[in-house]
*Asks:* 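Have a look at this one before I ask anything.
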Amino acid sequence: MTSRNDEDDNGFAEWGGYMAAKKAKLVEQYEQQASSSKKQSDILTGVAIYVNGYTSPSAEELKILMSAHGGVYHTYQMPKTTHIVASILPNAKVKQLGSVPIVKATWISDSIAAGALLDHRKYLLYTGHDDKQPKLDCVRPKTLTAADPGFLSEFYNNSRLHLISTLGAEYKQLVNQLREKSNGVYPGRERLRTLPRGLAPSERVVMHIDMDCFFVSVGLRSRPQLRGRPVAVTHGRGTPINRPQASVECENELVKKYFPNENFEDVDSHGSMAEVASCSYEARQCGVRNGMLLGNALKICSDLKTIPYDFEGYREVSTALYKTIAEYTLDIEAVSCDEMYVDVTPILAAANITVEDWATHIRKEVIAVTGCPCSAGFGANRLQARLANKRAKPAGQFYLRPDDVETYMAQVSLSDLPGVGSATVAKLTKMGLHKCGDLQTVSRGQIQAELGNKIGQTVADLANGIDHKPLNFHHERKSVSADVNYGIRFKDKTEASNFLQSLSAEVCARLKDVGMR
DNA sequence: ATCCTCCCCTAC
DNA sequence: TAAGGTAGGGGAGGAT
Ligand SMILES: Nc1ccn([C@H]2C[C@H](O)[C@@H](COP(=O)(O)OP(=O)(O)OP(=O)(O)O)O2)c(=O)n1
Ligand SMILES: [Mg+2]
Ligand SMILES: [Mg+2]
């Protein structure tokens, strides 16, 4: 579901008409909500809730009550969330949510009925110290499915991919804002005065800086005993439900049949289906990779230790990283929550320092401020900076000097070029090409015939260390979308359309958030 | 040529 | 149990 009308008419006229009707209803609902949310009191001022799962009153009702009484409703947990509202939470989950108090929904409705904010401690769902299961305050189904109203927020609260997408957009926005209100003064540069001087390079220098195994590094801050060991961040704990052997074999067979050229990981009946979001460099030595299924990672690295996600921690570290760099320059292109390109030429020139001294300084500062290691690569363009960083990792730095580019590039694997993924690698392999240097043996026309005009040209350039794409310091988003490919199994058309309606509402809310409509 | 629409590919 | 999102670049093929 997107801001464009791509849900209209997929060949089903009836469907298109139905969606149009639904959309009209949605608009109506929004207007109703806006009008019914006229202020009735201020008793909930300062309260910001996030609702987890089923409650009574429902999440939908709480949303309206909150805004009617001066409170704030968060669709998912945020730093400013003051209370989590829930009916039941497993102990493991309670731990994970941290120090935010978890209260029953009746705290809100009772407070409104009483005309004053009641002591939330009387409504705590979980009293903290005993191991007793929390009490139910309403009936709740066993598992949330995509047809349930709470499904979307529950999913978003656990989706790492949703998180990193959201964070990426936030930091692009942050850079925009910092640049708009900048007064051109960079206080961090004062701190460079103690470095040796008189040696700044005359050419342009781009830095690519990226946190080392980001999620793992954040997790290791509070688990120093795991440093130096193979560690992975994942939801799974290595003990999956047992799928019937037959179903697993059937899946592997079908995958091979339909994707004969792909080398997909086999799933096995004992393996956890949870994905490894990030793994330590010790785990990588055994062949573990980000994005792998935990079950398969455990097969090649049996002493892999798993640690849970820490979404708030990632947010804190990312913010600290961006704030730190922004003290030196705002010539920053945000790439993601753990990564950015920076034009450091003016920094080096102003302080008259070498790339190496700057790199050592900034890496030290990032680790001091975040508690997490990062690496930095430098070169004359973004490609060179990025390849340099790949070589620098972990916890290192590398400057790919202009004089060394030609020699260096020849031995770089084509698969290491940005934009060259598995499909492109397959095509290049079929042509007998593996290293950037191999491209010298074929004409540009031949490459373009295989890869297409544009990509062919770009790859040919990249293989020679050439990258014409400038750093983009100001990001404008061109589209807003929401889609879910997890847990979608509808019983009937009504369930499906209800879900589509929640997704539409989500896109709507995001558009409003971005200031459109 | 330039567009539009429906994909595929890539990256984090 | 597990949480397979999101945005951008660009190609193929047909309409203009
Ligand atoms: N398939 C992936 C890839 C990445 N990430 C998340 C977790 C990573 O920690 C974070 C940053 O991605 P990077 O590509 O920078 O990978 P790492 O930081 O983990 O490792 P590296 O040291 O190679 O940068 O994004 C993820 O959840 N799933
Ligand atoms: Mg990283
Ligand atoms: Mg990264």
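Remember, it's a predicted structure, so these values are computed and weren't measured experimentally. Here is the naming used below: chain letters follow the sequence lines, and residue numbers restart at 1 for every chain.
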*Asks:* Does a side-chain N or O from A:Ser481 land closer than 4.0 Å to OP1 or OP2 of C:dT6, or not?
*Replies:*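 Indeed not, no polar side-chain atom of A:Ser481 lies that close.
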*Asks:* When you check the phosphate oxygens OP1 and OP2 of B:dC12, does a side-chain N or O of A:Ser165 lie under 4.0 Å from one of them?
*Replies:*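 Indeed not, no polar side-chain atom of A:Ser165 lies that close.
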*Asks:* A:Ile164 CD1 to C:dG5 C1': how many Å, rounded?
*Replies:* 8 Å
*Asks:* By nearest heavy atom, map A:Asn485 and A:Asn453 onto DNA chain C; which one lands nearer the 5' end?
*Replies:*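 That would be A:Asn485.
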*Asks:* Output the rounded distance in Å from CD (A:Gln173) to P (C:dA7).
*Replies:* 13 Å
*Asks:* Looking only at side-chain N and O atoms, does A:Thr319 offer a donor or acceptor that is under 3.5 Å from a partner on A:Tyr171?
*Replies:*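 A:Thr319 and A:Tyr171 do have a side-chain donor-acceptor pair below 3.5 Å.
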*Asks:* What does A:Gly419 touch in the nucleic acid at a heavy-atom separation under 4.0 angstrom: a base, only the sugar-phosphate, or nothing?
*Replies:*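 Since only primed, P, OP1 and OP2 atoms lie under 4.0 Å of A:Gly419, the category is sugar-phosphate.
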*Asks:* OP1 or OP2 of B:dC9 less than 4.0 angstrom from a side-chain nitrogen or oxygen of A:Ser422, does that happen here?
*Replies:*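 Answer is no, no contact under 4.0 Å.
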*Asks:* Assign A:Glu476 to base, sugar-phosphate, or nothing according to its heavy-atom contacts below 4.0 angstrom with the strands shown.
*Replies:* sugar-phosphate
*Asks:* When you match A:Arg489 and A:Thr458 each to their closest nucleotide on DNA chain C, which lands nearer the 5' end?
*Replies:*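 On the 5' side of the pair lies A:Arg489.
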*Asks:* So, A:Tyr50 and A:Asn157: side-chain donor and acceptor under 3.5 Å apart, yes or no?
*Replies:* yes
*Asks:* Are any of the side-chain nitrogens in A:Arg386 or A:Asp467 under 4.0 Å away from the carboxylate oxygens of its partner?
*Replies:*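 No salt bridge links A:Arg386 with A:Asp467.
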*Asks:* Rounded to whole Å, how long is the line connecting atom CG of A:Leu462 with atom P of B:dT10?
*Replies:*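 From A:Leu462 CG to B:dT10 P: 13 Å.
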*Asks:* Which nucleotide in the set C:dT1, C:dG8, C:dG5 lies at the smallest distance from any side-chain heavy atom of A:Arg237?
*Replies:* C:dT1
*Asks:* Quick one: is A:His162 getting a side-chain N or O under 4.0 Å of the C:dT6 phosphate, OP1 or OP2?
*Replies:*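 Result: yes.
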*Asks:* For the side chain of A:Ala423, starting at C-beta, report the closest nucleotide among C:dA7, C:dT6, B:dC9.
*Replies:*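 Looking only at side-chain atoms, A:Ala423 lies closest to B:dC9.
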*Asks:* Taking 4.0 Å as the cut-off, does a side-chain nitrogen or oxygen of A:His475 come that near to OP1 or OP2 on C:dG8?
*Replies:* yes
*Asks:* Between C:dA3 atom P and A:Leu163 atom CG, what is the distance in whole Å?
*Replies:*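 It is 14 Å, rounded to the nearest whole Å.
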*Asks:* Can you tell me the distance, in whole Å, between the NZ atom of A:Lys393 and the P atom of B:dC12?
*Replies:* 10 Å
*Asks:* At 4.0 Å (heavy atoms only), tell me whether A:Gly421 reaches a base, stays on the sugar-phosphate, or touches nothing.
*Replies:* sugar-phosphate
*Asks:* Take the protein atom CZ of A:Phe151 and the nucleotide atom C1' of C:dA2, then report the distance between them rounded to whole Å.
*Replies:*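 After rounding, the reported distance stands at 10 Å.
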*Asks:* Step through it carefully: locate the ring centre of A:Phe398, locate the ring centre of A:Phe378, and say whether they are under 6.0 Å apart.
*Replies:*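 Distance test on ring centres: not under 6.0 Å, no.
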*Asks:* Is a side-chain donor-acceptor pair under 3.5 Å present for A:Gln457 with A:Asp461?
*Replies:*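 A:Gln457 and A:Asp461 do have a side-chain donor-acceptor pair below 3.5 Å.
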*Asks:* In whole Å, I'd like the distance from the CZ atom of A:Arg160 to the P atom of B:dC12.
*Replies:*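 One finds 13 Å between P of B:dC12 and CZ of A:Arg160, rounded.
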*Asks:* Look at the side chain of A:Tyr486 and decide which nucleotide, out of C:dG4, B:dA11, C:dT6, has an atom nearest to it.
*Replies:*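 Looking only at heavy atoms from C-beta outward on A:Tyr486, the closest nucleotide is C:dG4.
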*Asks:* By nearest atom, which of the nucleotides C:dG10, B:dC9, B:dC12 is closest to the A:Arg386 side chain?
*Replies:* B:dC12
*Asks:* Counting only side-chain heavy atoms from C-beta out, which of C:dA7, C:dG11, C:dG5 sits nearest to A:Lys454?
*Replies:* C:dG11
*Asks:* Can you tell whether the side chains of A:Glu333 and A:Lys172 come within less than 4.0 Å, N to carboxylate O?
*Replies:*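 Looking at A:Glu333 and A:Lys172, the cut-off is not met.
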*Asks:* Which nucleotide sits closest to the side chain of A:Thr424: B:dC9, C:dG5, C:dG11?
*Replies:* B:dC9
*Asks:* Could A:Glu170 and A:Arg315 be called an ion pair, given the rule that one side-chain N must be under 4.0 Å from one carboxylate O?
*Replies:* yes
*Asks:* Which nucleotide in the list C:dG11, C:dG5, C:dA7 gets nearest to the side chain of A:Ser159?
*Replies:* C:dG5
*Asks:* Within residues 328-340 of chain A, find the residues that approach DNA chain B with a heavy atom at under 4.0 Å, and present them sorted by residue number.
*Replies:* A:Ser336, A:Asp338, A:Glu339
*Asks:* Under the criterion side-chain contact (heavy atoms from CB on, under 4.5 Å), which of A:Leu321, A:Asn389, A:Asp210 is the partner of A:Glu339?
*Replies:*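 Exactly one option meets the side-chain contact (heavy atoms from CB on, under 4.5 Å) with A:Glu339, and it is A:Asp210.
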*Asks:* May I have the distance from A:Arg382 (atom CZ) to B:dT10 (atom P), rounded to whole angstrom?
*Replies:*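 One finds 18 Å between P of B:dT10 and CZ of A:Arg382, rounded.
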*Asks:* Of the listed nucleotides (C:dT6, C:dA3, C:dG11), which one gets closest to any side-chain atom of A:Ala274?
*Replies:*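 So the side chain of A:Ala274 is nearest to C:dA3.
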*Asks:* Select one nucleotide: of B:dT10, C:dG10, C:dG5, the one nearest the side-chain heavy atoms of A:Ile455.
*Replies:* C:dG10
*Asks:* CD of A:Glu506 to CG of A:Leu511: how many Å apart, nearest 0.5 Å?
*Replies:* 10.5 Å
*Asks:* Could you please name the option among C:dG8, C:dT6, C:dG10 that lies closest to any side-chain atom of A:Lys478?
*Replies:*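 Closest nucleotide to the A:Lys478 side chain: C:dG8.
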